[in-house]
Amino acid sequence: MSYYVTTTIPYVNARPHLGFALELVQADVLARHRRARGGAVRFLSGTDENSLKNVLAAEAEGVAVQDLVDRNAAAFAALATPLALSFDDFIRTSRDPRHREGVAQLWQRCAEAGDFYRKAYTGLYCVGCEAFYGEAELVDGRCPDHGTEPQTVSEENWFFRLSRYQDRLRELVTSGELRIEPVSRRNEVLALIDSGLRDFSVSRSRARARGWGIPVPGDEDQVVYVWWDALGNYVTSLGLGDDAPTEDFARWWAGDGERVHLVGKGVLRFHAVYWPAMLLSAGLPLPTRVLVHDYLTVSGRKISKSSGDVVDPAALVARYGTDAVRWWLLREVPRVGDADFTEERLVARADADLADGFGNLVHRVVTMVHRYRDGVVPQPTVETTATAELRAVCARASGRVDAALDAFDYRAAAAAVWTLVEEANRCIDRTRPWELAKSERGGARSAALDAALAALVAACRALGEELSPFLPAAADRVVRRCTPVNGVLPESTPLFAKLGG
RNA sequence: GGCGGCGUAGCUCAGCUGGUCAGAGCGGGGAUCUCAUAAGUCCCAGGUCGGAGGUUCGAGUCCUCCCGCCGCCA
């Protein structure tokens, strides 16, 4: 069964920060995990470039909009290397012809369904959010998210008949055909639907958009609402805009596979209400799951422009390495609730788990194989209680990882991998290979030592396998240490340096 | 204002449909092995599970109210 997983596409008016890195890494783990289990996977990310925010940011810097967008989009795409992201595709909404064509087609389909109409209206618009606010939602007359005063907008735009899809959306969410997780978020969506869905504006005047964005088909004076445009990326990237249905679209969106969106809590309504409604209107299949993550704070504070280098994922990776950063994001961020990031915690986690955990285990096992068996992994001829229990834990680990990831619980999934380290260390303590080795000095080869070393190497290999979706580079290192070259394991040296000293 | 939810050991948190649910990790205290990056393993937390009532043979686990947080919507 196919598995299509996407991240949201961030605005590119600023450089990427750690909060978005969380979403990227989470999506990457799902993609890698499915691939490792033999599934057909497509992993999409991209950048949302048609926002008025970009125009304003470019003006502030005194550069051309396209230049600013190109530069920042490059910074997002470039995260693939430091964060080890296995993108299969990366879409840019201002540059990709397929996106413009796809948005036009999506628009046409909804138009043919009779879901657009023109209406004059007045509202308070926050450019930072690219959304309208009601008076009551403002705090002291300002946007609760951005702290800026929204502008009063009064114009005639195209509206989308969202109200028409209220009942069907409710049914889809209730039945689980469209799964939203965690359940608290699903309940929020249901509450939102039940409160009554109102049609919303899906275009703006070309003037207000400063001429930036995708023109409304058949109405050159209007530009497609940036959220409408952005949401479309999940299907335009698959070639929706092509004249004939593309193979990619059929394979990843139109089939019976999974279509998974990772989103931050702030954009839930767009993904769980607007987007499915748009697809219903267009007569296209819906996503199957929307996975909602919360936000990160840094040293107790909301991430903001003044947070600086601490929240630059690339800078963190330069300082601590890909594995340490990924591991913190996966091992310490709870399934529900905001998580607080500090460099101290990242370092503590990396030292305890990577250096003292994964690294130390593999190093000590390989060293023993060298010291007691000249680097040759022995064939077990007996099974002891200790080795049997270790094998049992190894056998269970993959199932536990699967279950945790299916529940969108990275912490539990990482903990499941960790059980291999714990049990392997325990096995060493129980079998005491050094004593078995001493007993061989009389001449007889110890079958118990063969069994212990064989089971331990097997556990390390299992560790490398299970770890690979989370920390691909580290896992690769683990696997190589456990793979004989010309019948002999490579000489062992420490795998991970301590970060904290 | 309306509707979720949360408040469990110093810290971060697990605890599904009520009866080994009073837990894990970290920190802290103690012991111990030596293959290993002074890494590993083992033991130690008597915390009234926010407060007060109630339902029940029995409630962190259900109900009511109160206090304190937070989310969504208006």
Side-chain angles (χ1 to χ4, degrees), chain A residues 131-139 144-145 180 182-198 264-270 272-273 292-295 297 300 302 328 331-342 344-373 375 386 390 403-404 407 409 411-412 414-416 418-419 421-438 449 452-453 456-457 460 477 481 489 491-501:
Chain A
F132 283 98
Y133 276 95
E135 291 277 6
E137 294 173 285
L138 302 177
V139 178
D145 268 8
I180 298 163
V183 284
S184 54
R185 297 297 173 191
R186 189 194 75 136
N187 292 339
E188 282 181 12
V189 170
L190 286 173
L192 176 61
I193 292 172
D194 286 342
S195 73
L197 298 180
R198 278 163 305 184
K265 62 180 175 183
V267 297
L268 177 56
R269 74 152 67 197
F270 296 100
V273 178
V292 188
H293 64 79
D294 289 336
Y295 292 155
T297 55
K302 196 172 153 181
W328 184 84
R331 186 71 187 83
E332 294 238 332
V333 176
R335 194 169 59 90
V336 175
D338 293 346
D340 190 49
F341 173 85
T342 66
E344 291 71 29
R345 278 199 268 268
L346 179 147
V347 168
R349 197 83 231 182
D351 284 349
D353 292 358
L354 302 189
D356 297 344
F358 303 131
N360 185 241
L361 171 67
V362 174
H363 181 41
R364 67 196 297 211
V365 167
V366 173
T367 298
M368 285 191 282
V369 171
H370 272 283
R371 188 178 293 206
Y372 307 138
R373 289 295 182 260
L390 178 56
D409 191 343
R411 228 188 192 184
W418 184 249
T419 61
V421 177
E422 283 184 316
E423 196 57 30
N425 275 325
R426 210 169 286 139
C427 179
I428 293 174
D429 218 61
R430 293 169 69 185
T431 55
R432 306 173 70 78
W434 48 93
E435 288 188 358
L436 296 174
K438 278 181 200 159
L449 180 54
L453 294 177
L456 287 166
V457 171
C460 289
R477 220 181 295 180
R481 293 305 178 88
L489 293 182
E491 283 292 338
S492 196
T493 50
L495 277 76
F496 303 100
K498 290 251 206 182
L499 300 176

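Side-chain atoms are counted along with the backbone in the values below, which use heavy atoms only and exclude waters and symmetry mates. Just so we're on the same page: letters track the sequence lines, and every chain starts at 1.
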Checklist line | 5'-most by nearest nucleotide on RNA chain B - A:Arg345 or A:Arg269 | finding: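 Nearest-nucleotide comparison on RNA chain B picks A:Arg345.
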
Checklist line | Residue closer to the 5' end of RNA chain B, A:Arg411 versus A:Arg432 (nearest nucleotide) | finding: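 This one resolves to A:Arg411.
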
Self-check item: A:Arg185 and A:Glu188 ion-paired at < 4.0 Å
Solution: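 Judged by the 4.0 Å cut-off on N to carboxylate O distance, A:Arg185 and A:Glu188 do form a salt bridge.
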
Using the [atom1] atom as the point on both nucleotides, what is the distance between [M] and [N], in whole Å?
N      : M      : atom1 : value
B:rA74 : B:rU12 : C1'   : 35 Å
B:rU34 : B:rU8  : C1'   : 39 Å
B:rG28 : B:rG10 : P     : 16 Å
B:rG7  : B:rC49 : P     : 13 Å
B:rU20 : B:rG2  : C1'   : 42 Å
B:rU61 : B:rU17 : C1'   : 10 Å
B:rA22 : B:rA59 : C1'   : 12 Å
B:rA52 : B:rG47 : P     : 16 Å

How long is the line joining [atom1] of [X] and [atom2] of [N], in whole Å?
X        : N      : atom1 : atom2 : result
A:Leu346 : B:rU12 : CG    : P     : 19 Å
A:Leu190 : B:rG5  : CG    : P     : 13 Å
A:Leu192 : B:rC3  : CG    : P     : 16 Å
A:His293 : B:rG71 : NE2   : C1'   : 16 Å
A:Arg349 : B:rC11 : CZ    : P     : 18 Å
A:Trp418 : B:rA24 : CH2   : P     : 17 Å
A:Ile193 : B:rG2  : CD1   : P     : 23 Å
A:Glu344 : B:rU12 : CD    : P     : 16 Å

Watson-Crick/G-U partner (both atom distances under 3.5 Å) of [N]:
N      : result
B:rU55 : none
B:rA24 : B:rU12
B:rC73 : B:rG1
B:rG60 : none
B:rG68 : B:rC6
B:rU41 : B:rA31

Exercise for review: Give a yes/no answer on whether the side chain of A:Arg198 brings an N or O atom under 4.0 Å of OP1 or OP2 in B:rA74.
Suggested key: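 For B:rA74, OP1/OP2 do have a side-chain N/O of A:Arg198 under 4.0 Å.
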
Original post:
After noting the C-alpha distance and the side-chain angles of A:Trp418 and A:Phe358, does the key distance pass the ring pair (Phe, Tyr, Trp, His ring centres under 6.0 Å) rule?
Top reply: CA-CA 8 Å; A:Trp418 184 249; A:Phe358 303 131; 5.6 Å; yes

Q) Looking across every strand, which nucleic acid part, if any, lies under 4.0 Å from A:Arg186 by heavy atom: base, sugar-phosphate, or nothing? A)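 Contact class for A:Arg186: none.
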
Output yes when a side-chain donor or acceptor of [X] lies under 3.5 Å from a complementary backbone atom of [Y], and no otherwise.
X        : Y        : result
A:Asp351 : A:Lys498 : no
A:Arg477 : A:Leu495 : yes
A:Arg481 : A:Leu489 : no

Reading nucleotides 35-43 of chain B from 5' to 3' and marking B where a protein heavy atom lies under 4.0 Å of the base, S where only the sugar-phosphate is that close, and - otherwise, the string is BBB-SBSS-

Syn or anti for B:rG60? Use the chi torsion, O4'-C1'-N9-C4 for purines and O4'-C1'-N1-C2 for pyrimidines, with syn inside 90° of 0.
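For B:rG60, whose glycosidic angle is within 90° of 0, the conformation is syn.
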
Checklist entry - Using the glycosidic torsion, which applies to B:rG4: syn (within 90° of 0) or anti (everything else)? => result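 Here B:rG4 takes the syn form, which means its glycosidic angle is within 90° of 0.
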
Reported [atom1]-to-[atom2] distance for the pair [X] and [Y], which is rounded to 0.5 angstrom:
X        : Y        : atom1 : atom2 : answer
A:Leu268 : A:His293 : CG    : NE2   : 11.0 Å
A:Cys460 : A:Arg364 : SG    : CZ    : 10.0 Å
A:Ile428 : A:Leu453 : CD1   : CG    : 9.0 Å

Test side chain to side chain contact (heavy atoms under 4.5 Å, CB included) on A:Leu449 and A:Met368; report intermediate values, then the result.
CA-CA 10 Å; A:Leu449 180 54; A:Met368 285 191 282; over 6 Å; no

